[in-house]
Undergrad: 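Below is a structure I'd like to ask you about.
In what follows, chains are A, B, ... by sequence order, proteins preceding strands, each numbered from 1. Source: prediction; values computed, not measured. Atoms considered below: every heavy atom in the structure, side chains included; atoms not considered: hydrogens, waters and symmetry mates.
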Number of protein chains: 2
Amino acid sequence: MSAQANSYFATYEVKVVIVEDYKLTRVGLRYALNQIENINVVAEAESAEEGIEIIKKEHPDVVLMDLGLPNMNGLEATIKIKEVSPDTQVVILTSHDREEEVLASLGSGATAYCLKDIDPKALSDVIKCAAKGACWIDPTVAKLALKLFPKPENAEFLSKGANPDPKGHLTEREQEVLRLLVQGRSNTEIAKELIVSVHTAKAHVCSILQKLCVDDRVQAAVKAIKEGLVKA
Amino acid sequence: MSAQANSYFATYEVKVVIVEDYKLTRVGLRYALNQIENINVVAEAESAEEGIEIIKKEHPDVVLMDLGLPNMNGLEATIKIKEVSPDTQVVILTSHDREEEVLASLGSGATAYCLKDIDPKALSDVIKCAAKGACWIDPTVAKLALKLFPKPENAEFLSKGANPDPKGHLTEREQEVLRLLVQGRSNTEIAKELIVSVHTAKAHVCSILQKLCVDDRVQAAVKAIKEGLVKA
DNA sequence: GTTAAATTTACCCTTTCGGGTAATGCCCGA
DNA sequence: TCGGGCATTACCCGAAAGGGTAAATTTAAC
């Protein structure tokens with residue numbers, strides 16, 4: 001895939017492969033997309049297996065992927081595609097708007113998620129920016145995906161200036177302990193890791209629990225992840 | 001904000017407010033964007049505080065937000081904006097590509113994240129689709145955001161057909177227990193919740209630990225979240 | 001140089017956890 | 001009809017967790 005700085009929408013010829021089981025949709029897509037400048041649909045597949053074979057050979061810039069395929073579905077296919085052709089960008093094109101499918105798609109390696117009511121011109125734009133690796137999520141499901149990002153109430157860089165940590169926040173040592181706690185370490189293990197006594201580790205954990213307003217270390221770990229207190 | 005079905009890029013007049021402390025960038029942006037059809041920059045602000053006041057009154061469709069502002073920064077401003085004007089979409093426009101800032105921005109309520117090397121035409125397209133609520137993330141940082149989505153190895157809908165759960169997966173009851181476990185409930189509490197004895201709850205937790213190949217409930221909770229085994 | 005906060009250690013105690021083993025009843029598929 | 005998987009209950013036991021309180025030490029700030 002060629003690269004071109006400072007352009008978010010690909011301006012070179014984008015190689016596209018369509019994976020879609022309904023022939024009518026498939027040929028319609030191909031026709032519509034080939035009308036667009038700089039988009040070149042080089043192949044179609046009516047099953048995930050066939051699509052993967054094609055992609056192995058063609059290494060297209062973008063794959064238009066349907067979710068509801070027979071046998072192997074679009075998610076498994078997406079995972080497979082990112083294995084055999086990591087630089088190929090997968091654009092999900094589906095009529096499903098269920099949260100699980102949106103999240104699972106993006107988790108499987110797709111870079112864009114479109115609903116089928118998209119108009120061809122917009123789809124072509126999405127394909128062009130997906131070719132550059134941009135992430136694009138349909139308006140009707142964007143909220144579902146975005147709410148997965150933790151609200152950074154405690155992010156230290158929120159206010160970068162002279163902000164003396166408005167109390168209630170974890171000390172460096174406590175953050176260190178929290179990190180280990182999230183890994184599932186016991187107090188004993190934490191103590192060994194930090195080369196302190198178990199008493200110390202316990203003391204830190206206790207103050208962490210208090211500061212996070214939780215009752216036990218499980219809740220602390222969950223809260224830490226959800227609020228992004230520890231780097232994943 | 002008016003709505004128009006089947007169009008991903010807004011085709012109506014999009015009201016835009018720019019929040020950016022550098023005057024040069026600000027006026028440059030305004031000039032460039034006002035060249036674009038259907039985009040109308042109605043106001044500029046050079047600080048977050050000023051921007052919020054303007055947005056309270058104007059309720060624009062889109063806010064172009066710089067991250068590095070004096071005093072209150074762009075993240076805090078974004079949170080505030082989504083409070084006072086929930087339908088206003090925030091587009092982050094920054095030169096920072098640090099992972100924390102990307103994630104924190106999206107977690108704060110922004111719907112799009114652009115780097116400043118974007119060309120004006122592309123930016124206008126992003127603004128137009130952001131106005132409809134779409135999520136757009138710059139190619140250079142999209143990977144950072146996308147890797148946050150859990151890979152759905154265990155998602156039951158991966159193969160929807162006659163797939164008899166290839167063993168090693170949690171039973172319904174165990175998933176129920178796992179859900180409570182993630183909430184930080186003790187075995188006793190889980191037992192009460194499910195109206196069973198503590199022994200039963202313990203048995204379920206034990207088999208969960210074994211099936212997830214972890215040593216304790218903290219690791220189980222973390223794994224459950226990271227792999228999307230429990231609905232957030 | 002005094003104060004404040006963070007880090008460290010220690011003791012007490014009760015509750016919970018996790019492992020192991022095993023028995024019972026239930027339902028479904030072979 | 002006979003398993004096999006699942007849910008349920010039960011027991012024992014050692015280890016760990018969590019709460020409370022207290023104090024010594026370092027570090028940082030003022």
Side-chain angles (χ1 to χ4, degrees), chain A residues 154 156 159-225 229-230, chain B residues 154 156 161-225 229-230:
Chain A
N154 318 54
E156 67 286 353
S159 305
K160 62 284 150 85
N163 185 354
D165 235 32
K167 99 163 166 45
H169 285 42
L170 304 179
T171 67
E172 286 185 24
R173 201 55 163 170
E174 286 162 353
Q175 292 181 37
E176 240 176 314
V177 172
L178 182 57
R179 226 166 292 142
L180 295 169
L181 191 155
V182 170
Q183 293 170 19
R185 312 293 191 83
S186 69
N187 290 338
T188 313
E189 291 172 319
I190 292 174
K192 279 182 188 165
E193 184 86 21
L194 301 182
I195 320 183
V196 294
S197 80
V198 190
H199 307 290
T200 307
K202 281 183 62 172
H204 287 312
V205 171
C206 276
S207 57
I208 288 174
L209 296 184
Q210 291 174 350
K211 288 187 179 178
L212 293 188
C213 303
V214 294
D215 297 322
D216 58 74
R217 53 178 50 217
V218 178
Q219 289 177 37
V222 172
K223 193 159 191 170
I225 293 179
L229 298 178
V230 290
Chain B
N154 319 54
E156 65 289 348
N163 186 352
D165 236 34
K167 98 164 169 46
H169 285 43
L170 303 179
T171 66
E172 284 186 25
R173 200 57 162 170
E174 285 163 353
Q175 291 182 36
E176 238 175 317
V177 172
L178 182 57
R179 226 167 291 142
L180 295 169
L181 190 156
V182 170
Q183 292 170 20
R185 311 293 189 83
S186 70
N187 291 337
T188 312
E189 292 172 317
I190 292 174
K192 278 183 188 163
E193 184 87 22
L194 300 183
I195 321 182
V196 293
S197 81
V198 190
H199 306 290
T200 306
K202 281 184 62 174
H204 286 312
V205 170
C206 276
S207 57
I208 288 174
L209 297 184
Q210 290 175 350
K211 288 186 179 177
L212 294 188
C213 301
V214 295
D215 296 323
D216 57 75
R217 52 177 53 216
V218 178
Q219 290 177 36
V222 172
K223 192 158 192 170
I225 293 178
L229 298 179
V230 290

Undergrad: Round to a whole Å and report the spacing from CZ of A/Arg173 to P of D/dA28.
TA: 14 Å
Undergrad: Can you tell me how far CD1 of A/Ile190 sits from CD of A/Gln183, rounded to the nearest 0.5 angstrom?
TA: 9.0 Å
Undergrad: What's the NE2-P distance between B/His199 and D/dC12, to the nearest Å?
TA: 10 Å
Undergrad: For the CG atom of A/Asp215 and the CD atom of B/Glu189, what is their distance to the nearest 0.5 Å?
TA: 7.5 Å
Undergrad: State whether A/Arg217 places a side-chain N or O below 4.0 Å from either non-bridging phosphate oxygen (OP1 or OP2) of D/dA17.
TA: yes
Undergrad: Starting from P on D/dA15, measure out to CG on B/Asp215 and report it in whole angstrom.
TA: 16 Å
Undergrad: What do the steps show when you test B/Lys192 against B/Leu180 for side-chain contact (heavy atoms from CB on, under 4.5 Å), and what is the final call?
TA: CA-CA 11 Å; B/Lys192 278 183 188 163; B/Leu180 295 169; over 6 Å; no
Undergrad: To the nearest Å, give me how far apart CG (B/Asp216) and P (D/dA16) are.
TA: 11 Å
Undergrad: A/Gln210 or A/Val198: which one's nearest nucleotide on DNA chain D is closer to the 5' end?
TA: A/Val198
Undergrad: To the nearest angstrom, how far is A/Ile208 atom CD1 from D/dG19 atom C1'?
TA: 16 Å
Undergrad: What integer distance in Å separates A/Ile190:CD1 from D/dA15:C1'?
TA: 16 Å
Undergrad: Report yes or no: does B/Gln219 contribute a side-chain atom to a donor-acceptor pair with the main-chain N or O of B/Asp216 at less than 3.5 Å?
TA: no
Undergrad: Quick check against the 3.5 Å criterion: does B/Lys223 have a side-chain atom that pairs as donor or acceptor with the backbone of B/Val214?
TA: no
Undergrad: If you walk 5' to 3' along DNA chain C, what is the first nucleotide with an atom under 4.0 Å of a heavy atom in chain B, and what is the last?
TA: C/dT16 to C/dG19
Undergrad: From CD of B/Glu172 over to C1' of D/dT8, roughly how many Å is that when rounded to an integer?
TA: 16 Å
Undergrad: With heavy atoms under 4.0 Å as the rule, sort A/Thr200 into base, sugar-phosphate or nothing.
TA: base
Undergrad: Taking only side-chain N and O atoms of A/Ser186, does any of them lie within less than 4.0 angstrom of OP1 or OP2 on D/dA15?
TA: no
Undergrad: What is the distance from CG of A/Asn187 to P of D/dA17, rounded to the nearest Å?
TA: 4 Å
Undergrad: Verify, without hydrogens or angle tests, whether B/Arg217 (side chain) and B/Arg185 (backbone) share a donor-acceptor contact under 3.5 angstrom.
TA: yes
Undergrad: Decide, yes or no, whether a salt bridge links A/Arg173 with A/Glu176 under the criterion of side-chain N to carboxylate O below 4.0 Å.
TA: yes
